[in-house]
Structure formats: C-alpha cells, structure tokens
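Chain A is the first sequence line, chain B the second, and so forth, proteins listed ahead of strands; every chain is numbered from 1. It should be emphasised that the depicted structure is a prediction, and the values quoted were computed from it without experimental measurement.
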Amino acid sequence: MTVVSTNESSTEVAGLRRSPLAGRRDELAAAGVEGLRGVRLGEEPFLSQVNLRVLPASPAAAGVEQALGTILPREPNRVTGDEHDAALWLGPDEWLVVAPDGRADGIVEAARTAMADSPGSVVDVSANRTTLRLAGPTSREVLEKVCSLDLHPRAFRSGQCAQTLVGRAQVVLWQVGTEPAYRLMVRGSFADYLADLLLDAMAEFTHR
Amino acid sequence: MLQIRCPWCGDREETEFRYGGQAHVDYPRDPAALDDRAWGEYLFVRDNPKGEFAERWVHTAGCRRWFTTVRDTATNQMRAELPSARKPVM
Ligand SMILES: [Zn+2]
C-alpha cells in the first residue's frame, strides 16, 4: 500500500486543524479535581500514530526496530518506550507507533525504507483517533465503572495496553503512568461520547 | 455474559467478540464439480451437536484476530482446541 502525503503546505494546514474535542477544552479542564481523591480529564490532540504490520520474526521487523530505535513488543498488549516514543502491540504482526505531533511523516519514511520489499504495511493513521487522558488517584476507579477489564495493578500496569470497549466505544487503552494515568485512543466521532461517559463516571469524585 | 478466552488477549467479555460458526468447513477443492445439493450442503448445512463443538470466533473489539475454540453447546463451557485437532490456518 502506498500513501502519498504532501509536506509543502503542512505548516499552514496545521494552523487550521481542529481536534474533535477542541471546543470542550475548558469544560474538561474545569471538571477535574486535585487531591487524594482527584481525577483529571483532557484531550491530547494530534498525536502521531503509525500502524505497522510486519512479520515479527522477519529481518524486516528487526530493520524497522533499528530504524525507529524502538523494540516492537512481542508479548500481547504490551508497550515499549514511554509516552513520547512508543510501540503498542495491536496483534501478533501489528503495532501502533505513537509519538508527539509532527513525527508521523518521519516515522513512515524510516519504517518504509527499512521494510523495502518485505511483506507488510506502514500507514499514517494519526487522523483516525484522538486521545483522551484520564489521570489522578481515582482515575482507575472512574475507568472501572465503564470498562470490564481488570485494571488492578496485579493485572494491568503502566506499560500495558488493550484494545477493548469503554462503554460502547472501541478504544486503545494505554496506562502511561502509575499515578495512575491512562490514554484512551478513540475514533474522532466517538470522542464526544467517550468524554460524556467519563465525565459522568467522574462526577462522584468531582462534585463539590 | 460469557467470558471468552482470546488466545492473544486472554479472557474478555462476550460483547468484544463475534461468532463465525462451525470450524473446519473447508472450501470445496473443485466447486464447479459439485451438484446443487452438494453445494447447498457446503453453504448452508452445519452440524448441531449437543456437546462439544469446534467454532470460529473473532475478537472484534480487541485484537481483531480469528481463532478456533471448542464450546460445549449444553453448558457453554469453552476450552482451547487440542493441537491434534487443529488444521493449518492461512
Ligand atoms: Zn484478542
């Protein structure tokens, strides 16, 4: 698969972008509370996301790892790297490379060069999902109301991810910190729903 | 609600999965050679046992991989398919 992207006008376009929850930034920020029972919600818009498919035992996989400087986790639902530079396991031959805004073109080019003619694909899917960040001492309790996974640290820790349902929305759930802090990567059209769902689940802790 | 074990992700709720019917229904080697009755059998007729049944499931809301599992149709108890019963999957 070949995806052609034009870079010439990318800076002008960047100024015109509008993330799915841009209009609710203040509302989300105001809903958070600090303290021992605190929880905060916000959008992390425009993360670079590159979907990578390559046979895990192939020289191509090793080449991609070298080119990106990231190990592709072979264990299901694991993340290597940190929240600024990560590879998430999505399937036995599929990963999501996540980096800050503006890095997708570079990642695509590096991975594609490393793959050369080997079977697989490298696709910029940054526009597919936006990211909600749920953090704070009670964020796990909030998430447990709307997600059936066992999120206790014995079963789900920082550096783990899962594709699952939160409410009725499909998300890539990723624990990024021990506070705890989570990233919920969700399709743009589900972002409002997910924000509403999480705000409702937070109300018990945030109503003053 | 059933808990279904994805071979990759582990136990997840039934709502994350979709059902794919009986496992090991092979595409006919020479479809053009089949008469209507045999073609109809291949397309529509499936086993319906009371007891263990090898089935295809897909982890739709998770890793999106297909797998085969053995479910007891009377109790809904599920177990992994024995390696000896497996067929190579493309
Ligand atoms: Zn799975």
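For the residue pair A/N51 / A/E94, a side-chain donor-acceptor distance below 3.5 Å is found, with atom types taken as modelled. Using modelled atom types, one finds a donor on one side chain and an acceptor on the other under 3.5 Å when comparing B/H24 with B/E81.
For residues 12-20 of chain B, a heavy-atom distance under 4.5 Å to chain A picks out B/R12, B/E13, B/T15, B/E16, given by residue number.
In this structure, the side chain of A/Q163 engages the main chain of A/L90 through a donor-acceptor pair within 3.5 Å. Checking side-chain atoms of A/S118 against main-chain N and O of A/A116 turns up no donor-acceptor pair under 3.5 Å.
No side-chain heavy atom of B/R65 sits less than 4.5 Å from a side-chain heavy atom of B/C6.
With sequence neighbours excluded, the residues forming a ring-ring contact (aromatic ring centres under 6.0 Å, His included) with B/Y27 are B/Y42, listed by chain and number.
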